[in-house]
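In what follows, a single structure is set out as structure tokens and then discussed.
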Number of protein chains: 2
Amino acid sequence: MARRSDHSREEIQHMAVAAAITILNEQGVTGLSARKVAKSIGYTVGTLYLVFKNLDELLLYVNAATLDELHQAITEEAKIHTDPTLSLKSMALAYLHYAQQNSARWSLLFSHQLPDGQLLPDWFEQKIITVFDGVMKPLQQIQPDVNEQAVLQATRELWSGVHGACDLGLSNKLNMGAEFEIEALIESFVENYLFGFAKV
Amino acid sequence: MARRSDHSREEIQHMAVAAAITILNEQGVTGLSARKVAKSIGYTVGTLYLVFKNLDELLLYVNAATLDELHQAITEEAKIHTDPTLSLKSMALAYLHYAQQNSARWSLLFSHQLPDGQLLPDWFEQKIITVFDGVMKPLQQIQPDVNEQAVLQATRELWSGVHGACDLGLSNKLNMGAEFEIEALIESFVENYLFGFAKV
DNA sequence: ACCTGAACACCGTTCAAGT
DNA sequence: ACCTGAACACCGTTCAAGT
């Protein structure tokens, strides 16, 4: 031991991220720890700190992968429809379904906060922008003459709503009776918001 | 030691909840622990487990107090205006400001999940309903002829949006340029949604 | 009956020491 | 140069023992 060079720095990083995702899926957010990740890739905890600044940095890479998958899940839905309202509705439902099927990863993506008030790195912010861009296009179709700044803001307004509904819905904080379903709520929400957005 | 009876069960519970709130305000969610709460009220950790089933139960009471305060902050705003749209706008802003000023407590309220998939106790669900009731009244004013089921759902649609905007906005996940402000975004969101809600 | 203190099984993070 | 193993300062939770 104590000198192996079985894997490069980058290989260890990738292995760790993959292991973390598996642990998240199997044991949830609270089941994840640096020690478990290290054990699962056959290294000591110390090695993880040779390759990542700390656990937060590892989680950042995990969240980056989640954000990429989320983006893919949403935009795949968008291609099917030519009507922008239908596109946005099915994108919203795709967002919900991704959250339902990957609840631990989805919840880590939004609950994880860097310490102090450290800002997210630029390449991570870029990924967020890319997701919003996918939502923005159908909105531009609906209101082609409005200035870009307004569409940018509307994108965030609409997506905040979809996100909030998924978040509260999946954590049972909407007090939904059996009477109404989260899918129907999200569809109706998108409809109502878009009607207001199209009013100008 | 080992037999004091300085305080009743209920007194220790209240002291613990108050201490937890102070720690949350001073050290944030990650700074809170059962051991710190115990130390701060002058008891051993073990005593906490005589009075609460576990840490989750203590946090539930902390969250109940937060929910009460949130409700009060929101409904105080509602009384000032007679116009329902203005009421809902200022309620949304009151929600945002409470979240900004009590970020640790607000974030615990929504991030805390009971283990397994245990359901929230009835008295806690009742508090959630009470908050939604405050939002529901102005919506009923806007659409007095629509059935209650629809207004119930619209309440959740609207409030999910406000919640999502606060959540993403305060955790810097909206990728807001300096160009637009979270307050303006929330006001515009409420306007757009209500326009769609009033369309029927 | 009430409370403690120590124990158990975990954490994240660091770093001297080994090869 | 790369990795380990042990240490440090923390966790939540339990429970025999003390008064």
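Note that the structure is predicted; figures quoted are calculated from it, not measured.
In this structure, Y61(B) and W123(B) have parallel ring planes: the angle between them is below the 30° cut-off, well short of the 60° mark. Between H163(A) and F110(A), the two ring planes are tilted [angle within 30° to 60°].
Scanning both residues, F52(A) and E57(A), for their nearest heavy atoms gives CA-OE1, 3.2 Å.
Remark: the N192(A) side chain and the E157(B) side chain contain an N/O donor-acceptor pair separated by less than 3.5 Å.
R156(B) places no side-chain N or O within donor-acceptor distance of the main-chain N or O of A165(A), the cut-off being under 3.5 Å. When atom types are taken as modelled, the side chain of Q13(B) and the backbone of V51(B) share a donor-acceptor pair closer than 3.5 angstrom. A donor-acceptor pair is defined here as one N or O able to donate and one able to accept, closer than 3.5 Å; no such pair exists between the side chain of D116(A) and the backbone of Q118(A). Side-chain N or O atoms of Q143(A) include one that pairs as donor or acceptor with a backbone N or O of F197(A) at under 3.5 Å. Listed for the N102(B) side chain is no donor-acceptor partner under 3.5 Å among the backbone atoms of R105(B).
I41(B) has its CD1 atom 15 Å from the P atom of dC2(C), to the nearest Å. Rounded to whole Å, atom C1' of dC3(C) lies 14 Å from atom CZ of R9(B). Counting to the nearest Å, the P atom of dG5(D) and the CG atom of L48(A) are 15 Å from each other. For the pair E10(A) CD and dC2(D) P, the computed distance is 11 Å after rounding to whole Å.
Sorted by residue number, the members of residues 25-40 of chain B with any non-hydrogen atom under 4.0 Å from DNA chain D read S33(B), A34(B), R35(B), K36(B). Contacts between residues 49-67 of chain A and DNA chain D, counted as heavy-atom distances below 4.0 Å, involve L50(A).
When base pairs are accepted only as Watson-Crick or G-U wobble with both N-N or N-O distances under 3.5 Å, DNA chain C takes part in stems of 3 or more pairs at C:4-8 with D:12-16, C:12-16 with D:4-8.
Between Y43(B) and dC3(C), a side-chain N or O to OP1/OP2 separation shorter than 4.0 Å is present. Here R4(B) does not reach the OP1 or OP2 of dT19(D): none of its side-chain N or O atoms lies under 4.0 Å away. At the phosphate of dA1(C), neither OP1 nor OP2 sits under 4.0 Å from any side-chain N or O atom of S5(B).
Test T30(A), V29(A), N25(A), I23(A) against Q27(A) for side-chain contact (heavy atoms from CB on, under 4.5 Å) and you get one pass: I23(A). Of the residues listed (T66(B), V131(B), I128(B), D133(B)), the one engaging H71(B) in a side-chain contact (heavy atoms from CB on, under 4.5 Å) is V131(B), and it is the only one.
dA9(C) sits 22 Å from dA9(D) when the P atoms are compared, rounded to a whole Å.
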